J.: 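Before anything else, here's the structure in question.
Throughout, protein chains are lettered first and strands after them, A, B, ... in sequence-line order, and every chain is numbered starting at 1. Here the structure is a predicted model, which is why all the values come from computation and not from measurement.
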Amino acid sequence: MSRAVIETPDASDRQAYTISDLSEEFGVTARALRFYEDEGLIAPTRRGLARIYSRRDRARLAWILRGKRVGFSLAEIREMIDLYEADEAHDIQRRVAIARCTERIALLKRQRDDIDAAIVELTDFIALARQSEP
DNA sequence: CTTCTCACA
DNA sequence: TGTGAGAA
């Protein structure tokens, strides 16, 4: 039983993507993608002057955006992705990633503590201010 | 569509 | 960490 012959080409089935393909798919500007390239995070091949992104490039981009969402700098992301390509077993890469994530979690927790402390202070202030209300 | 540059948050 | 504009 053959299924619908005409399927919407699934983005993940494609072999190659243009800069507009990926910017639309991931909701980022083409300019941002060029910026990531300048920063050494992606290296699409060229057809003439036009960038051709492979499936690997697309996967890289997905990782870049995931890293950004959780607050890693582009430099940190670049380092982790580079390690992934360099280290076949991904052994060093895994250690570094775990270390980075641990560090990041610690920072977020400290920030949460600071926020909680600020909330308490503000709440206390409101209580105090109410006492001198007419 | 591409490159580059300068400025701006 | 990006964006916008202008020029080529």
Side-chain angles (χ1 to χ4, degrees):
Chain A
M1 178 80 83
S2 68
R3 305 214 297 21
V5 180
I6 302 175
E7 289 180 53
T8 301
D10 186 331
S12 55
D13 287 347
R14 302 269 306 282
Q15 274 298 330
Y17 309 84
T18 65
I19 194 168
S20 356
D21 288 339
L22 290 190
S23 59
E24 284 168 25
E25 179 182 351
F26 289 94
V28 297
T29 62
R31 218 160 176 294
L33 295 185
R34 295 190 191 102
F35 180 74
Y36 295 156
E37 185 176 350
D38 286 343
E39 295 300 303
L41 288 122
I42 334 177
T45 58
R46 303 302 172 105
R47 186 172 51 212
L49 284 178
R51 292 167 175 79
I52 302 299
Y53 294 84
S54 66
R55 281 180 305 182
R56 291 192 63 159
D57 292 328
R58 180 171 172 275
R60 274 180 87 102
L61 178 57
W63 276 106
I64 292 165
L65 298 178
R66 251 173 269 154
K68 271 174 44 66
R69 279 202 305 275
V70 298
F72 288 120
S73 70
L74 294 186
E76 287 171 320
I77 296 168
R78 178 182 53 226
E79 217 177 327
M80 290 190 282
I81 296 183
D82 284 351
L83 280 174
Y84 187 87
E85 321 256 274
D87 158 32
E88 272 304 310
H90 306 146
D91 200 18
I92 302 173
Q93 190 263 352
R94 183 171 45 249
R95 287 169 206 220
V96 171
I98 289 173
R100 282 280 160 61
C101 290
T102 304
E103 205 177 346
R104 180 84 192 131
I105 288 171
L107 173 61
L108 288 171
K109 283 181 174 170
R110 285 197 299 276
Q111 291 176 335
R112 183 174 60 193
D113 289 345
D114 289 345
I115 289 171
D116 286 342
I119 289 174
V120 167
E121 251 187 282
L122 290 166
T123 304
D124 289 351
F125 171 77
I126 289 175
L128 195 61
R130 288 230 202 281
Q131 288 175 11
S132 41
E133 243 167 0

J.: What is the distance, to the nearest angstrom, from the CZ atom on A:R34 to the C1' atom on B:dC1?
T.: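 Distance check: A:R34 CZ to B:dC1 C1' gives 8 Å.
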J.: Tell me whether A:R60 forms a cation-pi arrangement with A:W63, defined as NZ or CZ under 6.0 Å from the six-membered ring centre and within 45 degrees of its axis.
T.: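 No cation-pi geometry.
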J.: Which is it for A:R14 and A:D21 under the salt bridge (charged side-chain N to carboxylate O under 4.0 Å, His left out) test, yes or no, and what are the steps along the way?
T.: CA-CA 10 Å; A:R14 302 269 306 282; A:D21 288 339; 3.0 Å; yes
J.: Please name all residues satisfying side chain to side chain donor-acceptor pair (under 3.5 Å) with A:R46, sequence neighbours left out, ordered by chain then number.
T.: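 With neighbours one apart ignored, the set is A:E37.
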J.: Base, sugar-phosphate or nothing for A:R46? Non-hydrogen atoms, less than 4.0 Å.
T.: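 Here A:R46 touches the backbone only, sparing every base.
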J.: Between atom CD1 in A:I19 and atom C1' in B:dT2, what is the gap in whole Å?
T.: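 Distance check: A:I19 CD1 to B:dT2 C1' gives 10 Å.
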J.: Give the B/S/- string for nucleotides 1-8 of chain C, one per nucleotide from 5' to 3', where a protein heavy atom under 4.0 Å of the base yields B, of only the sugar-phosphate yields S, and otherwise -.
T.: SBBBB---
J.: Under 4.0 Å between a side-chain N/O of A:R51 and OP1 or OP2 of B:dC1, yes or no?
T.: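 No.
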J.: Determine, step by step, whether A:L61 and A:Y36 satisfy the side chain to side chain contact (heavy atoms under 4.5 Å, CB included) criterion, reporting the C-alpha distance in whole Å, the side-chain angles of both residues, the deciding distance to 0.1 Å, and the verdict.
T.: CA-CA 9 Å; A:L61 178 57; A:Y36 295 156; 4.2 Å; yes
J.: Tell me, do A:I92 and A:R95 make a side-chain contact under 4.5 Å, heavy atoms counted?
T.: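 The answer is no; the side chains never approach within 4.5 Å.
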J.: Say whether A:I64 and A:V28 are linked into one hydrophobic cluster, either directly or through other cluster members, by side-chain heavy-atom distances under 4.5 angstrom.
T.: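 Yes: a chain of side-chain contacts under 4.5 Å links A:I64 to A:V28.
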